[in-house]
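A short write-up of the structure that comes next.
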Amino acid sequence: MSLLSVSSTTPLLDRVRDPSDLRVLSDDELLCLAGELRSETINLVSETGGHLGSSLGVIELTVAIHAVFDTPRDKLIWDVGHQCYPHKLLTGRRAAMRALRKKGGPSGFTRRTESEHDPFGAAHSSTSISAGLGFAVARDFGADIGDVVCVIGDGAMSAGMAFEAINNAGALGRRIYVILNDNAMSISPPTGALSTHLGKLAAPLRSGQEDGSSAAITSLFEQLGFSYHGPVDGHDLKGLLATLRGLRQDADGPVLLHAVTRKGAGYVHAEQAADKLHGVTPFDIATGAQAKPRATGPSFTKVFANALIAEAECDPRIVAITAAMAGGTGIDMFARAFPERSFDVGIAEQHAVTFAAGLAAGGMRPFCTIYSTFLQRAYDQIVHDVALQGLPVRFAIDRAGLVGADGPTHAGAFDIGYLANLPGFTVMAASDDTELMHMVATAAAHDAGPIAFRYPRGEGSGIDLPAKGSILPIGRGRVVETGSTVALLSFGTRLGQCLAARQSLAERGISVTVADARFAKPLDTALIDELVSNHRLLVTIEEGATGGFGALVLHYLAGRGMLDGRCGVRTMTLPDSFIAQAAPDEMYATARLNADHIEQLVVGTLARTGREGQPPLSYTGPERPSPGSRRIAAE
Ligand SMILES: Cc1ncc(C[n+]2csc(CCOP(=O)(O)OP(=O)(O)O)c2C)c(N)n1
Ligand SMILES: CC(=O)[C@@H](O)[C@H](O)COP(=O)(O)O
Ligand SMILES: [Mg+2]
């Protein structure tokens with residue numbers, strides 16, 4: 001149905017079925033559409049929660065880009081993708097967006113599988129220019145691709161990867177549009193010299209001078225082979241339309257358009273908020289008041305921050321590093337206590353890790369505090385600069401395990417595997433908030449090499465927290481509850497679920513020991529030996545992908561010839577299906593490994609192996625049978 005055929009009293013947004021519909025609207029109608037789109041975005045996110053501030057900041061940019069360019073043949077790539085809600089509303093997903101970040105609903109970021117208007121997935125920042133350049137070169141090799149437009153924020157632009165792409169694009173000279181969405185915000189105010197440079201470029205515009213031209217300063221980007229345009233007002237829709245139409249006409253190489261925007265633009269409570277309502281729960285539009293999820297106690301993040309502050313008060317060598325996630329990691333709390341010992345390096349995880357390595361080599365005690373998923377970006381630095389040099393960097397790994405609404409791109413599922421296989425690494429997981437405090441203390445005191453401790457998104461109990469953590473013996477786990485038939489060996493906060501499963505298994509007459517491994521490296525082999533020797537079934541549980549803690553336990557037992565059937569061994573890890581699906585909020589509770597999963601596995605295994613109720617076979621021989629030796633008839 002042609003857009004024009006619908007009565008003009010129908011809101012424009014109701015008439016847009018596809019971005020191509022924007023190209024038959026007048027500039028005035030597009031202006032109206034932008035207003036409707038902003039209201040729709042506010043209404044939507046007030047119901048669903050999500051990333052509000054960044055989406056409101058790109059309303060005019062989204063309308064202008066879709067009015068001038070012709071997606072999906074033209075490729076529009078949103079960096080991070082957290083600002084893509086208006087884009088999704090205009091690209092056929094308006095109805096679906098009511099189920100944003102829910103089971104079966106759209107992701108909170110762009111996803112290739114979701115729409116042809118999402119040519120490249122995102123969520124981890126600073127990938128758009130690299131991907132965009134790939135599309136542009138594919139086009140130049142003959143692929144049926146039109147123009148390429150990458151929209152990247154000033155925060156995302158601070159990452160090394162963005163500059164790697166700029167460097168290459170400037171040299172290749174291919175026609176590509178990079179729109180720098182400069183709102184002078186990351187999640188918190190941006191840091192770094194680039195932010196200062198952009199501020200100087202944008203100053204004329206921000207101070208209200210008409211033309212906004214920053215002739216006085218040559219932009220960094222011009223030095224790197226881009227034709228730089230701007231700064232322009234990223235909320236002046238008609239100006240944007242004219243600029244983009246002109247650029248589309250004339251560009252013959254890499255173009256950078258510097259658009260100055262306001263994060264949270266058009267919604268007073270966002271514009272007035274310190275974080276511009278970057279990420280919100282459902283909220284009351286009139287007041288901006290957000291729904292507060294029921295908290296059982298202080299967040300693990302807060303417990304970590306307070307524990308680190310307590311350690312730092314006694315040790316001036318302790319410094320803290322965050323990669324643009326000061327609020328999310330609690331380093332903002334540390335910074336208030338020790339401003340000169342806190343470093344926000346911007347979205348620069350690779351630099352953060354090697355910076356920490358340098359600090360450690362220099363005799364400091366650095367806590368490199370990065371979400372599990374974002375730490376993935378610095379893996380070579382972890383291996384090459386930290387592990388192989390045996391430098392005592394402390395890694396505080398927040399958001400370990402599934403994180404809920406942010407889905408698979410943010411799942412902290414892999415850190416156990418990718419760290420515990422590294423030489424000299426000590427890898428811990430806190431089973432609760434008290435243990436987290438002990439691990440902070442243990443890490444602070446550990447100068448023997450790199451040490452990491454992981455903890456999930458969410459809250460602990462907050463019960464009986466000590467003022468300061470106690471140093472744990474490295475490589476030692478602990479038995480929490482004793483039983484006889486089954487041993488549950490937990491690594492991390494699934495311990496609580498193991499204790500719940502122990503309760504329900506007891507009602508089935510199955511006696512269960514629950515142990516907290518505390519360490520994935522070095523393993524507490526004495527504890528493992530004891531559990532395997534005195535139980536019919538050993539189950540390891542971890543909130544991580546296969547190939548982590550359980551794999552290490554199996555590897556150890558295999559090497560000792562103890563996988564001989566006398567004691568069944570099972571490992572419970574996050575199935576790929578849990579990790580790969582957008583784990584929406586309502587799935588969050590069940591997608592994580594819980595007591596029911598544990599109970600089902602134990603009962604099923606015992607039933608299958610006929611071990612239920614049999615007395616434990618305790619092996620008391622002088623030494624373990626060598627691998628491959630005659631099996632002891634246990635059945
Ligand atoms: C590699 C990586 N590190 C950290 C983050 C967390 N993160 C999400 S959005 C954001 C700030 C992005 O700032 P900017 O690009 O300026 O976008 P804005 O929110 O201002 O629109 C950060 C740090 C991420 N998504 N990816
Ligand atoms: C878009 C992004 O990557 C961050 O905003 C992330 O969503 C923060 O996650 P938390 O809400 O767990 O801090
Ligand atoms: Mg920004």
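Both ligands and their constituent atoms are indexed starting at 1 by order of listing. Along the sequence shown, residues are numbered consecutively beginning with 1.
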What protein heavy atom lies closest to [atom]? Include the residue and the distance to one decimal.
| atom | value |
| --- | --- |
| atom 9 (O) of ligand 2 | Asp406 OD2, 3.4 Å |
| atom 13 (O) of ligand 2 | Tyr371 OH, 2.5 Å |
| atom 10 (P) of ligand 2 | Arg399 NH2, 3.5 Å |
| atom 5 (O) of ligand 2 | His278 NE2, 2.7 Å |
| atom 1 (C) of ligand 2 | His51 NE2, 3.3 Å |
| atom 3 (O) of ligand 2 | His410 NE2, 2.7 Å |

Side chains of [X] and [Y]: donor-acceptor distance under 3.5 Å anywhere?
| X | Y | value |
| --- | --- | --- |
| Thr329 | Asp398 | no |
| His258 | Tyr228 | yes |
| Ser372 | Asp415 | yes |

- How are the rings of Phe304 and Phe453 set to each other: parallel, tilted or perpendicular (split at 30° and 60°)? tilted
- Please work out which of the three classes, parallel, tilted or perpendicular, describes the rings of Phe343 and Phe355, given edges at 30° and 60°. perpendicular
- Task: Could you tell me which residues satisfy side-chain contact (heavy atoms from CB on, under 4.5 Å) with Ala159, sequence neighbours excluded, listed by chain and number?
- Result: Ser126, Ile347
- Query: Which protein N, O or S atoms lie under 2.8 Å from the Mg ion (ligand 3), given by chain and residue number?
  - Reply: Asp154 OD1, Asn183 OD1, Met185 O
- Message: Distance under 4.0 Å to a non-hydrogen atom of Arg457: what atoms of ligand 2 satisfy this?
- Response: 10 (P), 11 (O), 12 (O)
- Ligand-side contact atoms (ligand 2) for residue partner Phe374, heavy atom cut-off under 4.0 Å: 3 (O)
- Ring centres under 6.0 angstrom apart (Phe367, Phe334): no
- Item | Ring centres under 6.0 angstrom apart (Phe414, Tyr379) | no
- ligand 2 contact on His124 by region, counting heavy-atom pairs under 4.0 Å: neither
Below 4.0 angstrom, N of the basic side chain to O of the carboxylate: do [X] and [Y] qualify?
| X | Y | answer |
| --- | --- | --- |
| Glu40 | Arg98 | yes |
| Arg206 | Asp182 | yes |
| Glu60 | Arg38 | yes |

- Message: Among Arg457, Arg399, Glu459, which residue satisfies the side chain to side chain donor-acceptor pair (under 3.5 Å) criterion with Thr301?
- Response: Arg399
- Query: Is any side-chain heavy atom of Leu220 closer than 4.5 Å to a side-chain heavy atom of Phe163?
  - Reply: yes
Tabulate distances under 3.5 Å between N/O atoms of ligand 1 and N/O atoms of the protein, writing both atom names on each line.
{"unit_1": "ligand 1", "atom_1": "3 (N)", "unit_2": "Glu349", "atom_2": "OE2", "d": "2.7"}
{"unit_1": "ligand 1", "atom_1": "15 (O)", "unit_2": "Ala156", "atom_2": "N", "d": "2.9"}
{"unit_1": "ligand 1", "atom_1": "16 (O)", "unit_2": "Asp154", "atom_2": "N", "d": "3.3"}
{"unit_1": "ligand 1", "atom_1": "16 (O)", "unit_2": "Asp154", "atom_2": "OD1", "d": "3.0"}
{"unit_1": "ligand 1", "atom_1": "16 (O)", "unit_2": "Gly155", "atom_2": "N", "d": "2.7"}
{"unit_1": "ligand 1", "atom_1": "16 (O)", "unit_2": "Met185", "atom_2": "O", "d": "2.8"}
{"unit_1": "ligand 1", "atom_1": "19 (O)", "unit_2": "His82", "atom_2": "NE2", "d": "2.8"}
{"unit_1": "ligand 1", "atom_1": "19 (O)", "unit_2": "Lys263", "atom_2": "NZ", "d": "2.7"}
{"unit_1": "ligand 1", "atom_1": "20 (O)", "unit_2": "Asn183", "atom_2": "OD1", "d": "3.1"}
{"unit_1": "ligand 1", "atom_1": "20 (O)", "unit_2": "Asn183", "atom_2": "ND2", "d": "2.8"}
{"unit_1": "ligand 1", "atom_1": "20 (O)", "unit_2": "Met185", "atom_2": "O", "d": "2.9"}
{"unit_1": "ligand 1", "atom_1": "21 (O)", "unit_2": "Asn183", "atom_2": "ND2", "d": "3.4"}
{"unit_1": "ligand 1", "atom_1": "25 (N)", "unit_2": "Ala123", "atom_2": "O", "d": "2.7"}
{"unit_1": "ligand 1", "atom_1": "26 (N)", "unit_2": "Ser125", "atom_2": "N", "d": "2.9"}

- Residue list, ring pair (Phe, Tyr, Trp, His ring centres under 6.0 Å) with His51, at least two apart or on another chain: His82, Phe109, His278
